[in-house]
Amino acid sequence: MRIAVYGASGHTARFVVAELLRRGHTPIAIGRDESRLAAAVALRDAALETRIASLDSPESLDRALSGVDAIIHCAGPFLDTAQPLIEAALRACIHYFDITAEQGSALSTFELFDAPARERGVFVVPAAGFYGGLGDLLATDAMS
């Protein structure tokens, strides 16, 4: 699967990308800053496709998510960053996961995006990187 990783120049995203590669997926590294993204990707053993997208530009987010099956969002603060990415994922009809530990962001995600996600037949899962097995189970199911 082709899986976008937003915030790919960050610390946690490094581990997400490594795990996607280990599992045989094709990560697409997405970030806001081209030089930081290039530097982060250069540290990895694998050549990764990179894409630049700004949270305040729906068009750039749509381009960045073109041709991917899911997105894993790793760039907080999620109260500020989750909504534009979820909206882009819904427009693209792809699964969305994030790694937030922000309770307000997780609650807001469920309140705002449960119905639209169900209508499109996609998963929108906040806090998939924290709180143990539930997020892992949901991500595994969505990826299959």
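In what follows, every heavy atom counts, from backbone to side chain, and hydrogens, waters and symmetry copies are set aside. Keep in mind the model is a prediction, meaning the values are calculated, not measured.
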Euclidean distance, [Y] [atom2] relative to [X] [atom1], rounded to 0.5 Å:
X     : Y     : atom1 : atom2 : value
Asp33 : Ile52 : CG    : CD1   : 7.0 Å
Thr50 : Leu37 : OG1   : CG    : 5.0 Å
Ile99 : Phe15 : CD1   : CZ    : 11.0 Å
Leu21 : Leu48 : CG    : CG    : 6.0 Å
Asp69 : Ile28 : CG    : CD1   : 9.5 Å

Side-chain donor/acceptor pairs under 3.5 Å, residues 75-96, sequence neighbours excluded:
unit_1, atom_1, unit_2, atom_2, d
Thr81, OG1, His73, NE2, 2.8
Thr81, OG1, Ala75, O, 2.6
Thr81, OG1, Pro77, O, 3.2
Gln83, NE2, Glu87, OE2, 2.9
Arg91, NE, Asp62, OD1, 2.9
Arg91, NE, Asp62, OD2, 3.3
Arg91, NH2, Asp62, OD1, 2.8
His95, ND1, Phe123, N, 3.0
Tyr96, OH, Asp98, OD2, 2.7

Is it true that, when you exclude Glu34 itself, more than 12 heavy atoms of the residues, nucleotides or ligands shown sit nearer than 6.0 Å to its CD?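 For Glu34, atom CD is not crowded (no more than 12 foreign heavy atoms under 6.0 Å).
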Would you say the side-chain atoms of [X] pair up with the backbone N or O of [Y], donor to acceptor, closer than 3.5 Å?
X     : Y     : answer
Arg14 : Gly10 : no
Ser60 : Ser54 : yes
Arg2  : Gly67 : yes
Arg51 : Ser66 : yes

Suppose we screen for ring pair (Phe, Tyr, Trp, His ring centres under 6.0 Å). Which residues come up paired with Phe110, at least two apart in sequence or across chains? none
Could you report the tightest heavy-atom contact between [X] and [Y], atom names first, then the distance?
X     : Y     : result
Cys74 : Val5  : SG-CG1, 4.1 Å
Leu61 : Leu55 : CD1-O, 4.0 Å
Val68 : Ala64 : CG1-O, 4.4 Å
Val41 : Ala29 : CG2-CB, 4.0 Å

Could you give me the CA-CA distance, side-chain angles and deciding distance for Thr109 and Val125, then say whether side-chain contact (heavy atoms from CB on, under 4.5 Å) is met? CA-CA 8 Å; Thr109 294; Val125 182; over 6 Å; no
Test log, rule side-chain contact (heavy atoms from CB on, under 4.5 Å), inputs Phe97 and Ile71: CA-CA 6 Å; Phe97 303 90; Ile71 180 167; over 6 Å; no
Does [X] belong to the same Ile/Leu/Val/Met/Phe/Trp/Tyr cluster as [Y], with side-chain heavy atoms less than 4.5 Å apart forming each link?
X      : Y     : result
Ile30  : Met1  : no
Ile72  : Val17 : yes
Phe113 : Leu65 : yes

Output yes when Glu19 and Arg23 qualify as a salt bridge under the 4.0 Å nitrogen-oxygen rule, no when they do not.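 Looking at Glu19 and Arg23, the cut-off is met.
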